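Below: the structure, in structure tokens.
In this text, all values refer to a predicted model and were calculated from it rather than measured experimentally.
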Amino acid sequence: MRRLTTALLCLAVLVGCARPGDAPVQVGPAADTGWTTYQTDVTAVRAGADPRSLVLTVALLGDADGCSRNPRITYFTEENNRIYANVVQDSRLSGVVGACPTHTPGEVTLTAPGPIAGRTVVLNEQPWKPDGAGYQRCDPTFGCGRMPKDHCDQAWVSVVVRGMDVSRHSTGSVEGCDGTWLVMTVPFDPVPCGAEPRPGCDASVNVRRYFLRWAGQGGWETIANSTEAGCGRVRTTEPAFPRKLCAHLPRP
């Protein structure tokens, strides 16, 4: 028994005196344990050789044998005049940090039972709509419909209000807009006490005036806000803001 105790103490000393930099002993299974199925990003869609098919350009995991194989369609259904499909690939090394740092393009053919005929195609929950000979991703804000050409359209106003730090019930009331510049009021919370006011709730509403500039595909961007009458501080921030859109406005 004494010899066993001495041997265990010696072993503990040896382990404790291991030199820094010595390779540790791996415990448990290696990271590379087998092929697993992952969703594959679709980067482009075009019409196929026949009316029933589309060719999908996909981003495959790359740079090493075992990063990717067998890109394919797994789920397919047709509903409400739309086609729904999932695009996947198998990888043996995706879970290994740094093993597959790049992507390489690949192709997957989607084939429907009948002609696709310009229908919207939803791939991995991302809708694509016909655009000439190819397809383009539907806009995350406006979906697959057309974006309003009129920058002063209430749809564009609603988009910018949703991005503000205000209640989800808040809406923008346009006071002036010429397509390049916009001024509107937005209440912080139009229904602070709920649809049916609760007893004892103070239903005061904090309303601010916002001055915005058209920023192209990004829509409207806020350049200033104020609780003052007229143009407030906007012309100090942006001298080009037209005075005629705000000079005679009362306090919000």
Side-chain angles (χ1 to χ4, degrees), residues 26 28-149 151 153 155-156 158-160 162-163 168 215-221:
Q26 289 190 348
D32 179 6
T33 57
W35 293 92
T36 305
T37 300
Y38 297 89
Q39 180 174 294
T40 302
D41 291 335
V42 178
T43 58
V45 179
R46 69 178 190 274
D50 66 79
R52 300 185 304 114
S53 69
L54 294 174
V55 178
L56 317 180
T57 303
V58 296
L60 304 177
L61 295 170
D63 245 23
D65 182 27
C67 282
S68 178
R69 74 175 184 185
N70 194 24
R72 63 196 184 278
I73 304 292
T74 53
Y75 170 82
F76 179 95
T77 190
E78 297 173 295
E79 186 177 338
N80 298 326
N81 202 37
R82 287 189 169 196
I83 293 173
Y84 296 82
N86 288 346
V87 190
V88 300
Q89 63 184 312
D90 295 330
S91 179
R92 193 163 49 85
L93 298 176
S94 179
V96 180
V97 177
C100 306
T102 63
H103 290 85
T104 58
E107 287 188 349
V108 175
T109 299
L110 180 151
T111 303
I116 293 175
R119 284 180 286 170
T120 297
V121 182
V122 183
L123 306 170
N124 296 340
E125 301 184 2
Q126 169 66 58
W128 295 71
K129 64 181 179 180
D131 180 27
Y135 277 66
Q136 69 175 22
R137 293 180 193 268
C138 294
D139 185 81
T141 300
F142 294 102
C144 297
R146 291 187 176 183
M147 295 184 186
K149 292 183 178 180
H151 300 165
D153 191 285
W156 283 113
S158 297
V159 168
V160 72
R162 285 201 297 269
R168 63 186 179 87
Q217 291 298 319
W220 291 103
E221 64 177 6

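- Formation of a donor-acceptor pair under 3.5 Å by the Asp50 side chain with backbone atoms of Arg52 is found in this model.
- Residues passing the side chain to side chain contact (heavy atoms under 4.5 Å, CB included) test with Ala112, sequence neighbours excluded: Phe76, Glu78, Ile83, Ile116.
- A search for side chain to side chain contact (heavy atoms under 4.5 Å, CB included) contacts involving Pro148 returns Phe142, Asp153, Ala155, Trp156, not counting sequence neighbours.
- When the salt bridge (Lys or Arg N to Asp or Glu O under 4.0 Å) test is applied to Arg46, the partners found at least two apart in sequence or on another chain are Glu107.
- Scored by the side chain to side chain donor-acceptor pair (under 3.5 Å) test, Glu221 finds Arg213 as partners (sequence neighbours excluded).
- Taking CG of Leu54 as the reference point, atom CG of Leu110 lies at 5.5 Å (rounded to 0.5 Å).
- Here Cys138 pairs with Pro127, Lys129, Cys144 under the side chain to side chain contact (heavy atoms under 4.5 Å, CB included) rule; sequence neighbours left out.
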Assess the residue pair Gln126 and Asn124 against the criterion (side-chain contact (heavy atoms from CB on, under 4.5 Å)); give the C-alpha distance rounded to whole Å, side-chain angles, the decisive distance to 0.1 Å, and a yes or no. CA-CA 6 Å; Gln126 169 66 58; Asn124 296 340; 5.6 Å; no
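- Partners of Arg72 under the salt bridge (Lys or Arg N to Asp or Glu O under 4.0 Å) rule, at least two apart in sequence or in another chain, are Asp90.
- The list of disulfide bond (SG atoms under 2.5 Å apart) pairs with a residue in residues 37-122, not counting sequence neighbours, reads Cys67-Cys100.
- Applying the side chain to side chain donor-acceptor pair (under 3.5 Å) test to Ser68 and every residue at least two apart in sequence or in another chain returns Gln89.
- Under the side chain to side chain contact (heavy atoms under 4.5 Å, CB included) criterion, Ala47 pairs with no residue at all, not counting sequence neighbours.
- Taking His103 as the reference, nothing meets the ring-ring contact (aromatic ring centres under 6.0 Å, His included) condition, with sequence neighbours excluded.
- Each of Asp41, Thr40, Thr104 was evaluated against Val58; a single residue qualifies, Thr40, per the side-chain contact (heavy atoms from CB on, under 4.5 Å) test.
- No donor-acceptor pair under 3.5 Å is formed between the side chain of Trp128 and the backbone N or O of Gly134.
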